[in-house]
Each structure stands twice: as C-alpha cells, then as structure tokens.
Amino acid sequence: MRYLKLLLTFWHVSVAAETEYRSNFVMSALNSMVTLAGAIFTLSLFYQNGHQLGGWPWHDALIVVGLFTILDGFSQTFLTPNRTRVTELVRQGTLDFVLLKPVDTQFWLSFRALSLWGIPNILLGIGITIYAGMHCEPPLHWTAYVIGFIPVILGMILLYSIGFALGTLTIWFTKLFNITMAMQAMLEAGRFPISAYPNAYRVIFTFILPIAFMTTLPAQTMLGRVEWPWFAGSAIFAICSLAFSRWFWGYALRSYTSASS
Amino acid sequence: MPIIEAQQLSKSYRVADKQPGIGGTLRHLFRRQYRHIDAVREINLAIEPGEIVGFLGPNGAGKTTTLKMLTGLIHPSAGRATVAGFTPFDRKPAFLRQISLVMGNKQQLIWDLPAIDSLRMNAAVYNVTNHDFKQRIDKLATMLEITDKLNQPVRKLSLGERMKCELLVALLHHPRVLFLDEPTLGLDINAQNTVRQFIRTYTQEHQATVLLTSHYMADITALCERVVVIHKGGLLYDGLLDGIKQRFTPYREICVELEQPVEREQLATYGEIESIDGRRVTLLIEREKLTACTARLLDDLPVVDLSIADPPIEQVIGRLFEEGHTA
C-alpha cells in the first residue's frame with residue numbers, strides 16, 4: 001500500500017515536472033503525433049505490397065507489429081526515462097540521496113520517472129492488435145487477447161530486466177548513455193515475426209537477445225500457435241532475468257564509490 | 001553508549017591516472033594505469049547521543065568519504081562502523097529512517113518543481129501523515145524563514161533559499177542522526193546564521209546527534225564543543241575545540257601598537273612575526289617565554305598599546321593542516 005502511494009506520488013511529480021515547461025509539452029505532443037503518423041504510414045505500406053513475412057499472413061504479422069508498438073510505448077513511458085536518470089544520478093553523485101531513502105532502491109530507480117509521450121504508442125499498439133485480431137482467419141475470440149496478454153507482460157519484464165541490468169553497469173562505467181540506443185535497436189528487431197529473419201538471426205533473437213519472447217511468442221499465443229514449452233520457457237526466462245537484475249544491482253552497489261564532493 | 005562508532009574504519013580507492021596529450025588519452029583508453037589511494041586510514045570515533053561534533057580537515061582529507069561510510073553509501077575497505085545500533089552499509093530501512101545527509105554541493109530537490117513537491121515525495125517515502133506533514137512544514141519553514149518560498153520552482157530560488165529547502169527536506173522525517181557536509185557552502189552571512197540557528201534549535205528539540213563538516217570555522221565555533229580533525233585520511237585530533245589551541249599552539253599572539261615603526265630584524269628577535277601593518281605588529285610568542293618576552297618588549301620598544309590573545313581558531317587549524325601533526 002505504501003509502495004502504491006509512493007508510485008502515485010512519483011508519477012504525479014513526473015507528470016508535473018514534464019508539464020512545467022509548457023512549450024516543451026506542446027513540442028512533445030507534436031512530436032508524438034508526427035511519430036504516430038509515421039507509424040500509420042509504415043503500416044499502410046504493409047497492406048499495399050502484400051507479400052508474406054516468414055510465412056505469417058498479413059493480419060497475423062500485424063499482431064506482431066501491434067505488440068511491438070505496445071512494447072515500444074511501454075519502454076518510452078516507463079523504462080527509458082528511468083534508465084536515463086540512473087546514468088545522471090551516478091555521474092552527478094545524487095544517487096546518494098536515493099540510496100539513503102528507506103525504500104527499495106531498485107523500485108525507486110525503476111519507477112521514479114514517467115514520460116507521457118509513450119502512451120499514444122501504447123494506445124495505437126492496442127488498437128492495431130485488436131484490429132488485426134478481428135481480421136485474422138478465424139477472428140480471435142476475446143479470451144485469446146487475455147491469454148496473449150500474459151506473455152506480453154512476461155516480455156515487458158524481460159525487456160525491463162535486461163535494460164536495468166545494462167543500466168546497472170553505469171555504477172562501474174558511469175557514462176553509458178548508449179544503453180538506451182542499444183535497447184531501442186534491440187527492440188526494433190521485434191517489429192517483425194522472428195521467422196522473417198535468416199536462421200542465424202533467429203538463434204540470436206531467441207537465445208542471446210531474446211526478442212522472440214517479447215513480440216513473436218505473445219502473438220503466437222494469441223493465435224493459438226504456441227508450443228507450451230516455449231510459453232513456459234518465456235516465463236522462466238522473464239523470472240530469471242528479473243532475479244538476475246536484482247542480484248546484479250545489489251552486487252554493483254558494493255562497488256559504488258559515489259562521485260566526490 | 002555511543003550512537004556513532006567507528007573502529008579502524010578505512011577506505012582505499014583505485015583511481016585511474018591519465019597523462020596529458022593524445023598519447024596519454026590513447027593509453028588511458030586502452031591500457032589504464034591505476035593507483036591505490038588510502039582515503040581513510042584506521043579511524044576510531046565514538047559520538048554520544050545529542051553531541052554536535054565538528055569534523056575538520058583540509059580538502060581531500062577523507063571527511064566526505066568517512067561520512068559516506070557512516071551513512072552506508074560506500075562500503076568500508078576495512079574496519080567497522082555502527083550508527084544508531086546498525087551497520088550502515090546494510091542500509092536497513094529502520095536505520096535509514098533515523099539518519100539524514102545534507103550535502104552543500106549536491107541537491108535532492110526536484111529542480112523544475114516547487115520544494116513543496118519534493119517535500120510531499122519525502123513524506124510518502126517516510127510515511128509522514130498529512131497532519132504531521134503540515135505541522136512540521138509550518139514549524140521548520142518558519143524557523144528557516146522560507147514559508148513563502150515553498151511554492152516557487154526550485155530553479156527560481158537563490159542559493160541560500162535552496163539550501164534552506166534542502167535542510168527542510170532532509171529533516172522532514174525528524175532524523176536522530178544528522179550528517180551535514182558543508183551545509184553553509186556559498187551562503188551569505190545572514191543565511192549562514194539562520195542555518196546555524198536552525199541546526200542548533202533542531203538538535204536541542206530532538207536530541208539529535210550531528211556530525212558537521214565545514215570550511216567555515218564560524219559554523220564550528222557556533223555549534224560544536226568537540227571537534228575531530230583528520231588529515232590525509234588519518235585521525236589528527238579528537239577532543240574539545242578549545243583543547244586544539246592548548247595542544248597544537250604552544251604560542252600566543254601579542255599585538256603591539258608602536259609610537260613609530262621598528263625594523264623587521266629587531267622585531268624578529270622577540271618571536272615569529274605574524275604581520276606588520278605600519279605601526280601595528282602581531283607576533284607569535286611561545287607560551288613559556290611569554291612573560292619574559294612581554295617585559296622585554298615593553299622595556300625595549302616605544303609601545304603605545306599591547307594585547308595578548310590566543311591566535312584565531314582558523315589560524316590554528318590552518319597551521320595544523322599545513323604541518324600535518326600526528327596525534
């Protein structure tokens with residue numbers, strides 16, 4: 001209950017800070033709208049050229065695109081702003097204040113910041129997924145969306161854990177602004193079904209950079225095409241990644257030297 | 001029983017050295033040269049509840065590193081510390097609720113928002129009820145004279161106002177142990193006085209214990225009876241502020257006003273010349289030679305006025321740092 005109250009306070013403060021600069025607010029809103037228009041245009045290209053990606057029919061592949069858009073929005077809203085902050089906190093030595101709070105530091109560093117500008121992406125992603133599901137052969141029942149949502153959550157946990165573990169490296173290397181770009185580049189690969197890639201890439205995107213678990217597998221789950229060992233593997237992968245990110249953070253803190261005064 | 005205790009507390013760092021020039025930069029990128037620095041060396045310390053202790057030392061002496069070990073921010077390389085009955089580095093919530101760290105050169109206030117938002121966030125962190133929140137803010141903000149500044153964005157506040165807000169945020173949860181690292185850094189005289197008065201009142205009302213570092217001796221003389229001096233990571237002195245003079249200044253200061261100027265060479269025969277300003281001369285004389293020397297001065301020179309005092313504490317501490325005595 002205390003953490004829920006804290007979470008709401010964090011988000012309230014984040015939103016208030018973003019809206020403090022009104023011109024930036026307007027520019028960001030404009031930027032989001034342009035990005036949305038670009039995404040819709042890209043989607044329209046999918047419809048026009050008509051070929052199959054890795055054996056996925058259009059509407060099935062569109063579900064992957066929808067799930068990618070949701071995950072991208074989730075990343076923009078919750079993950080990127082916090083990951084950027086961690087680097088700043090370490091570099092300026094103000095991580096000290098976070099470490100002195102009687103609150104789980106990983107919770108603080110993961111949820112302290114929120115950016116509203118990923119929300120349109122989440123909404124668009126949900127829209128595309130529902131639309132694509134309705135036009136699949138056969139159309140998806142509402143229960144398919146509910147079941148498919150479970151691996152989406154697991155994908156989010158996986159994406160968060162990898163990002164947080166990478167962000168933890170800033171304790172040693174201080175400046176790692178590129179992590180956000182690396183994470184974004186990794187996520188981009190999830191825009192299409194994994195089977196659309198050559199074999200070597202499939203292995204990489206499944207076992208090394210586990211993109212397959214973030215978009216393709218949830219889409220397969222919705223479409224009822226998932227093999228259950230993969231589903232279980234996804235859950236195990238997500239939980240292990242989360243546990244690792246937690247252990248790694250604790251380990252890194254022993255090396256924290258704090259910026260000098 | 002001490003509320004802050006350190007035994008053989010030590011911290012050594014590995015730092016990378018970089019040579020100048022392109023060659024140095026390339027070597028720094030591919031083959032970094034490291035060296036070890038002993039930032040804090042086997043410090044022993046015991047502070048009783050309710051004490052305000054000045055923690056002194058020149059830049060780089062290890063003050064902030066010690067504070068960071070005592071607050072649990074960094075892990076000691078050796079030795080152990082106990083604060084409020086806890087091992088700091090375990091960072092247990094029950095420990096963190098009882099301490100606060102204020103750093104004059106770093107801020108926890110949210111830059112773009114009014115201080116009241118940072119206060120609300122801290123109230124949520126420390127589970128301060130709405131009733132207590134209002135009451136504490138009213139009281140602390142009045143003491144700090146910033147009641148009308150809390151709703152102004154932090155970036156629009158002056159340095160002094162920001163520092164006062166930092167103190168308010170840091171004390172909202174009523175900590176029992178305060179670590180203040182240069183809380184008056186860069187403040188004007190009035191703001192310094194307000195901050196000192198605030199710290200004094202807070203510690204009296206809450207029986208709080210304070211470990212205070214400051215380069216302004218006025219902070220130390222106004223608040224601390226006891227001081228701990230460290231130099232190059234090692235403990236130099238731990239005792240009463242007045243005791244420093246007795247221990248480290250075996251001399252007193254004689255200020256003489258002469259009828260007419262006297263040659264420097266002649267003045268040097270009485271003691272170490274501290275300063276000559278026209279007809280006003282300040283000499284440092286060893287304590288045991290004081291009586292004899294004063295008599296000689298009065299006999300030999302055309303003295304209009306003479307006064308004897310201990311050298312100012314700033315000067316004593318400055319000499320102490322320069323000479324780096326070992327305790």
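Side chains included, hydrogens not; waters and symmetry mates left out as well; all remaining heavy atoms used.
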Within 6.0 Å of CG in B/Asp148, more than 12 heavy atoms from elsewhere: yes

Atom group of A/Leu253 that falls short of 4.5 Å from chain B, counting heavy atoms: both

Shortest non-hydrogen contact between B/Pro93 and A/Pro102, atoms and distance: O-CB, 3.8 Å

Residues of residues 117-125 of chain B near chain A, each having a heavy atom less than 4.5 Å away: B/Asp117, B/Arg120, B/Met121, B/Asn122, B/Ala124, B/Val125

Heavy-atom pair count under 4.5 Å with chain A, highest-scoring of B/His173, B/Lys63, B/Gln107: B/Gln107

Part of A/Val103 lying under 4.5 Å from any heavy atom of chain B: side chain

4.5 Å side-chain heavy-atom contact, B/Gln108 and A/Lys101: yes

Beyond-backbone contact of A/Asp96 with B/Lys106, side-chain heavy atoms, under 4.5 angstrom: yes

Pairwise distance CZ(A/Phe97) to CE(B/Met103) - rounded to 0.5 angstrom: 3.5 Å

Within 6.0 angstrom of A/Tyr251 OH, more than 12 heavy atoms from elsewhere: no

From CD1 (B/Ile110) to OG (A/Ser14), nearest 0.5 Å: 8.0 Å

Heavy-atom contact with chain A under 4.5 Å, split by part of B/Phe89: side chain

Atom CZ of A/Phe248 with >12 non-hydrogen neighbours under 6.0 angstrom: yes

Distance, nearest 0.5 Å, that separates CG of A/Leu100 from CG of B/Leu73: 4.5 Å

Reported CG-to-OG1 distance for the pair B/Leu109 and A/Thr94, which is rounded to 0.5 angstrom: 12.0 Å

NE2 (A/His12) with more than 12 external heavy atoms under 6.0 Å: no

